[in-house]
Amino acid sequence: AQSVTQPDARVTVSEGASLQLRCKYSYSATPYLFWYVQYPRQGLQLLLKYYSGDPVVQGVNGFEAEFSKSNSSFHLRKASVHWSDSAVYFCAVSIGTGNYKYVFGAGTRLKVIA
Amino acid sequence: DPKIIQKPKYLVAVTGSEKILICEQYLGHNAMYWYRQSAKKPLEFMFSYSYQKLMDNQTASSRFQPQSSKKNHLDLQITALKPDDSATYFCASSQGLGANTLYFGAGTRLSVL
């Protein structure tokens, strides 16, 4: 079955530390890949997206993600987190013909502590 | 200024009643969606519309009916409300139905008592 897995429901890191949030997908073809962030009481906002080409894509606020076809993964990284990065992060894929439906992972709640 | 307006922000309803959730987008997009987020299912696709035409419906219950009176409007009517319908409902839009960026509203938090 097609799926998106974010294995870590919650992640806590210290401010200034590096961050990696994991995402794995299960599709027969390479999908379009996205990371969205949801701040408290807000809708989701796009961080970055990958369609093709360089497997490392840059996003907003210093985030980047690396696509790995061999591992079917699209992990999100940031070199140095800030307290304002505390939010829920969603990995998503879009695949198929016609309607191109989005499928979201369960999300990872990031808490940045002082 | 928010480009996707959802009204109301909070909604309390009694079991069995009917409510309409409002969504207007001012991004000039031709595709609009409804998603639902609850503790049980983090983000669940419900409907997609393109040029005011229903393209996909993943909601099993007919109690959920989207309504598109204008190109930039996609309301959601929910009838015979149940406590399990309690969730935050997000409206989203994109330019086309392809693998394009989704833009989300702030959501309507519905509580059914």
Side-chain angles (χ1 to χ4, degrees), chain A residues 1-10 21 23 25 27 29-53 57 59-60 63 65 67 74 87-110, chain B residues 1-10 21 23-27 29-51 53-59 74 87-109:
Chain A
Q2 300 171 338
S3 65
V4 178
T5 303
Q6 294 181 246
D8 304 309
R10 296 178 181 269
L21 301 181
C23 172
Y25 62 90
Y27 288 90
T30 299
Y32 298 105
L33 298 156
F34 306 81
W35 276 97
Y36 284 82
V37 61
Q38 183 180 26
Y39 297 105
R41 294 174 297 282
Q42 295 185 28
L44 281 70
Q45 304 170 36
L46 180 72
L47 272 180
L48 48 80
K49 58 187 176 184
Y50 173 79
Y51 287 172
S52 64
V57 292
V60 297
F63 284 95
F67 165 66
F74 189 55
V88 182
Y89 292 79
F90 291 92
C91 181
V93 304
S94 181
I95 193 166
T97 57
N99 287 340
Y100 282 97
K101 189 183 310 173
Y102 265 74
V103 175
F104 284 86
T108 297
R109 185 176 296 275
L110 173 66
Chain B
D1 290 339
K3 301 298 185 185
I4 300 181
I5 298 172
Q6 290 190 244
K7 293 183 287 189
K9 287 186 179 181
Y10 302 97
L21 281 54
C23 177
E24 308 170 13
Q25 58 94 1
Y26 295 94
L27 293 164
H29 291 162
N30 50 42
M32 296 185 71
Y33 312 80
W34 278 102
Y35 283 83
R36 176 170 54 192
Q37 185 179 47
S38 68
K40 296 177 183 177
K41 294 185 180 180
L43 198 62
E44 179 186 12
F45 171 83
M46 299 180 73
F47 301 97
S48 64
Y49 266 66
S50 177
Y51 294 100
K53 179 182 176 183
L54 178 66
M55 302 304 292
D56 196 359
N57 176 0
Q58 291 295 313
T59 303
L74 185 64
T88 299
Y89 291 81
F90 288 101
C91 176
S93 71
S94 66
Q95 188 56 42
L97 277 176
N100 297 311
T101 300
L102 292 178
Y103 293 82
F104 285 81
T108 293
R109 183 175 290 182

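So that the names make sense, note that chain A is the first sequence line, chain B the second, and so on, each numbered from 1. The structure presented is a predicted model; accordingly, all values stated were derived computationally and were not measured. The figures that follow rest on heavy atoms only: side chains count, while hydrogens, waters and symmetry mates do not.
- Only the side chain of Q37(B) comes within less than 4.5 Å of a heavy atom in chain A; its backbone stays farther off.
- There is no contact between I4(B) and chain A, counting heavy-atom distances below 4.5 Å.
- In this structure, the side chains of Y35(B) and Y102(A) come closer than 4.5 Å at one or more pairs of heavy atoms.
- Heavy atoms of E44(B) lying under 4.5 Å from chain A are absent altogether.
- In this structure the side chain of L102(B) reaches within 4.5 angstrom of the side chain of Y36(A), judged on heavy atoms.
- In this structure, chain B has a heavy atom under 4.5 Å from the side chain of Q38(A), while its backbone stays farther away.
- Around OH of Y39(A), the count of heavy atoms belonging to other residues, nucleotides or ligands within 6.0 Å exceeds 12.
- Between the CG atom of N100(B) and the OH atom of Y32(A) there is a distance of 9.5 Å, given to the nearest 0.5 Å.
- When every heavy atom of Y10(B) is checked against every heavy atom of R41(A), the shortest pair comes out as OH-CD, 4.2 Å.
- Taking chain B as the reference chain and counting heavy-atom pairs below 4.5 Å, the highest number among P31(A), G107(A), G43(A) is found for G43(A).
- Other residues, nucleotides and ligands contribute over 12 non-hydrogen atoms within 6.0 Å of the CZ atom of F104(A).
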